[in-house]
Amino acid sequence: MKNLKLVAARPDSSRSVIDVLGVKFGKDFVVIAGPCSVETEKQTIETAIAVKKAGAHMLRGGAFKPRTSPYAFQGLGLKGLKLLDKAKKETGLPIVTEVVDTRDVSWVGEYADVLQIGARNMQNFSLLREAGKSGKPILLKRGMYSTLEEWLNCAEYILAEGNPNVILCERGIRTFETYTRNTLDLSMVPAVLKESHLPILVDPSHGTGILSMIEPMSLAAMIAGANGLEIEVHIDPPSALSDKDQQLNVAQFEKLMKKLEKTRIFYANLMTGDGSDEASVANEADAGQAASESLRESSPFIDAVD
Ligand code: PEP
Ligand code: MN
């Protein structure tokens, strides 16, 4: 790909590891979970405690919401950021939250551990430059009409400002298909792993918009080699002020986390075993542990969900 000086895959195939308060993107399989929007103190804190208990590594939640309609809930702004901060203090989970305006980057960055740039702003070049100058880790979501090359060039804008801490996130694109909210393009996972050294996450919530598809797409993303997931979880999805149809409740998220752990063991065995049934061992956990350790060297994007 042309003009990718900083984000292109390295000749030695080494990959970036971005450490956010001990959460290692590009090394461990990172699960970011939390509500679409920060709504109330109870909703934010209870969701944070629940996702932490289920094994999530970071808390997401929008305080500034880019909505299709100007009359829809736009987020709580500063009040929302303060609630996220409270949830962080309560649970220790680092915070991922979206910034939508160049003027807000520095002060939102005081609350966020990772600043999210959403699909609708992927090619907002002033925002990208400002995000680059901030030096904060940036979660850059794929624009819904963007090619891989356009997306990686947007990451290049951030790195060109001297900020190497960019995490990519596939969140689905617009196609002729209307059954799903977006068409989740999982082929971007191996594509990014081939073309760039940056970590790649998958957002199956916006990627499908359909509750029953979040679990299979999450497991598929892990098998495809993704470095993690961003998933919407709400303590009471029917009451949510945005994206109520696609947010998992706590029980659904707990179930998903258990299946992700089983999938990780399965994948580690698949990648290291000889493929024969005799390779199956009595103690699955030990086998998975051994496999994931040997896998770490060849495949840094698979690690423990713990
Ligand atoms: C979000 O993650 O809150 C969001 C709005 O996602 P996207 O930018 O991918 O639509
Ligand atoms: Mn949402």
Correct closest heavy-atom pair for L229 and S218 would be CD1-CB, 3.6 Å
ILVMFWY cluster, I45 and L93 together (side-chain gap under 4.5 Å) = no
Between E261 and K258, is the closest basic N to carboxylate O distance under 4.0 Å?
-> no
Set of side-chain hydrogen bond (donor to acceptor under 3.5 Å, both in side chains) partners for S146, sequence neighbours left out | none
What are the two closest heavy atoms between I18 and P164, and how far apart are they?
-> CD1-O, 4.1 Å
Tightest non-hydrogen contact, residues M122 and C154, listed as O-SG, 3.2 Å
More than 12 heavy atoms of other residues, nucleotides or ligands under 6.0 Å from CZ of F73: is that the case?
-> yes
Compute whether any side-chain donor of one residue and acceptor of the other, for E232 and Q246, lie under 3.5 angstrom apart.
-> yes
Picking from K141, R181, R60, R171, what satisfies salt bridge (charged side-chain N to carboxylate O under 4.0 Å, His left out) with D203?
-> K141
Pairs under 3.5 angstrom only: tabulate donor-acceptor contacts from the side chains of residues 128-136 to other protein residues two or more places apart or in another chain.
{"unit_1": "R129", "atom_1": "NH1", "unit_2": "E161", "atom_2": "OE2", "d": "3.3"}
{"unit_1": "S134", "atom_1": "OG", "unit_2": "A131", "atom_2": "O", "d": "2.7"}
{"unit_1": "S134", "atom_1": "OG", "unit_2": "K136", "atom_2": "N", "d": "3.1"}
{"unit_1": "K136", "atom_1": "NZ", "unit_2": "G109", "atom_2": "O", "d": "2.8"}
{"unit_1": "K136", "atom_1": "NZ", "unit_2": "A112", "atom_2": "O", "d": "2.7"}

Over all heavy atoms of both residues, which pair between A191 and L148 is shortest? Give the atoms and the distance, please.
-> CB-CD2, 3.9 Å
How long is the span from the CG atom in L83 to the CG atom in L76, to the nearest 0.5 Å?
-> 6.5 Å
Check V250 against A50 and note the closest heavy-atom contact, atom names and distance.
-> CG2-CB, 3.6 Å
Pick from V166, L140, N165: which one makes a side chain to side chain contact (heavy atoms under 4.5 Å, CB included) with L198?
-> V166
Tell me the ring-ring contact (aromatic ring centres under 6.0 Å, His included) pairs involving residues 146-198, sequence neighbours left out?
-> F125-Y157
Going hydrophobic residue to hydrophobic residue with side-chain gaps under 4.5 angstrom, can you get from L84 over to V31?
-> yes
Are V38 and L59 in one and the same hydrophobic cluster, where Ile, Leu, Val, Met, Phe, Trp and Tyr link if side-chain heavy atoms are under 4.5 Å apart?
-> yes
Measure the spacing between CD1 of I95 and CD of Q116 and express it to the nearest 0.5 Å.
-> 12.5 Å
Carboxylate-amine/guanidinium proximity below 4.0 Å for R103 and D101 = yes
Checking R15 side chain against S196 main chain: does a donor-acceptor pair fall under 3.5 Å?
-> yes
Using the side-chain contact (heavy atoms from CB on, under 4.5 Å) rule, take L219 and L260 through it: C-alpha gap first, then chi angles, then the decisive distance, then the call.
-> CA-CA 6 Å; L219 304 184; L260 279 168; 3.7 Å; yes
Backbone N/O of E46 and side chain of E90: donor-acceptor pair under 3.5 Å = no
